[in-house]
S.K.: 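I have a structure I would like to understand better, so I am pasting it below and will then ask my questions one at a time.
Bear in mind that the values here come from a model prediction, so they are computed numbers and not experimental data. Counting begins at 1 with the first residue of the sequence.
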Amino acid sequence: MTTTPDDLASVRYIVDDVAAAAHFYTTHLGFTLRTNPAPAFADVVRGPLRLLLSGPASSGARATPEDSTAPGRNRIHLIVDDLDTEIARLRAAGLSFRSDVIAGPGGKQILLTDPAGNLIELFEPASR
């Protein structure tokens, strides 16, 4: 398997409403809509990350075993410059979080969920 510097890293999230998920990522988290053959599928891009949003009718969702229908503990990790500002902005937009802010030696983070319950980690690195 080979890659080039222009390749995107792709992560698939299984969602129940492709339109709602695409709207969430493009409106609140700075992603750009790449393709949108909804209701089965859409993909959004932020930097080198391509997020595949697979609805129930997509082949990606159909390939998922039935006992794996709940979102897992895996998550995408988005670096932000000012976590407190991002939290305030997203709360003002009516979004809620799945955790409180956790701080450690590498920085601080909080977990947000998309409309299907998939996790997004917002992370502010510690000052170096």
S.K.: If you look only at pairs with a residue in residues 84-116, which of them pass as a ring-ring contact (aromatic ring centres under 6.0 Å, His included), with sequence neighbours excluded?
M.R.: none

S.K.: Pairs in or reaching into residues 14-33: which pass salt bridge (charged side-chain N to carboxylate O under 4.0 Å, His left out), with residues at least two apart or in two chains?
M.R.: none

S.K.: If two hydrophobic side chains count as joined below 4.5 Å and joins carry through other members, does L53 share a cluster with L95?
M.R.: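 Yes, L53 and L95 fall within the same hydrophobic cluster.
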
S.K.: Among all residues two or more places apart in sequence or in another chain, which pass the side chain to side chain donor-acceptor pair (under 3.5 Å) test with T85?
M.R.: D82

S.K.: Do you reckon I120 sits in the same ILVMFWY cluster as V45, going by side-chain contacts under 4.5 Å, direct or chained?
M.R.: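 The answer is no; the residues belong to distinct hydrophobic clusters.
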
S.K.: Same cluster or not: L122 versus I76, using hydrophobic residues (I, L, V, M, F, W, Y) connected whenever any side-chain heavy atoms lie under 4.5 Å apart?
M.R.: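 Yes, L122 connects to I76 through the hydrophobic network.
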
S.K.: Going by the rule side chain to side chain donor-acceptor pair (under 3.5 Å), which residues pair with Y25 if we only count those two or more places apart in sequence or in a different chain?
M.R.: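 For Y25 the side chain to side chain donor-acceptor pair (under 3.5 Å) partners, ignoring immediate neighbours, are D114.
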
S.K.: If you take all heavy atoms of L33 and A42, which pair is closest and at what distance?
M.R.: CD1-CB, 4.3 Å

S.K.: Run the side-chain donor-acceptor check on residues 98-112: report pairs under 3.5 Å with partners two or more places apart or on a different chain.
M.R.:
residue	atom	partner	partner atom	Å
S99	OG	L111	N	2.9
K108	NZ	D84	OD2	3.3

S.K.: Could you list the residues that satisfy side chain to side chain donor-acceptor pair (under 3.5 Å) with T113, not counting sequence neighbours?
M.R.: none

S.K.: Can you name the ring-ring contact (aromatic ring centres under 6.0 Å, His included) partners of F41, sequence neighbours left out?
M.R.: none

S.K.: Can you name the closest pair of heavy atoms from S54 and S58 and give their distance?
M.R.: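 Distance-wise, the nearest heavy atoms are CB-OG, 3.1 Å.
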
S.K.: Would you say V15 and L51 are hydrophobically clustered, going by side-chain heavy atoms of ILVMFWY under 4.5 Å?
M.R.: yes

S.K.: Applying side chain to side chain contact (heavy atoms under 4.5 Å, CB included), can you list everything that pairs with P115, at least two apart in sequence or on another chain?
M.R.: A20, F24

S.K.: Run the side chain to side chain donor-acceptor pair (under 3.5 Å) test against T27 and tell me which residues pass, sequence neighbours left out.
M.R.: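 Once residues adjacent in sequence are excluded, the partners of T27 under the side chain to side chain donor-acceptor pair (under 3.5 Å) criterion are H23.
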
S.K.: Run the side-chain donor-acceptor check on residues 87-94: report pairs under 3.5 Å with partners two or more places apart or on a different chain.
M.R.:
residue	atom	partner	partner atom	Å
R89	NE	E86	OE1	3.3
R89	NH1	H28	O	3.3
R89	NH2	H28	O	2.6
R89	NH2	E86	OE1	2.8

S.K.: Any sub-3.5 Å donor-acceptor pair from Y13's side-chain atoms to L119's backbone N or O?
M.R.: yes

S.K.: Would you list the pairs meeting side-chain hydrogen bond (donor to acceptor under 3.5 Å, both in side chains) in which at least one residue belongs to residues 33-48, sequence neighbours left out?
M.R.: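 side-chain hydrogen bond (donor to acceptor under 3.5 Å, both in side chains) check on residues 33-48 returns T35-D43, D43-R50.
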
S.K.: According to side chain to side chain contact (heavy atoms under 4.5 Å, CB included), who are the partners of H77, at least two apart in sequence or on a separate chain?
M.R.: I79, E121, F123

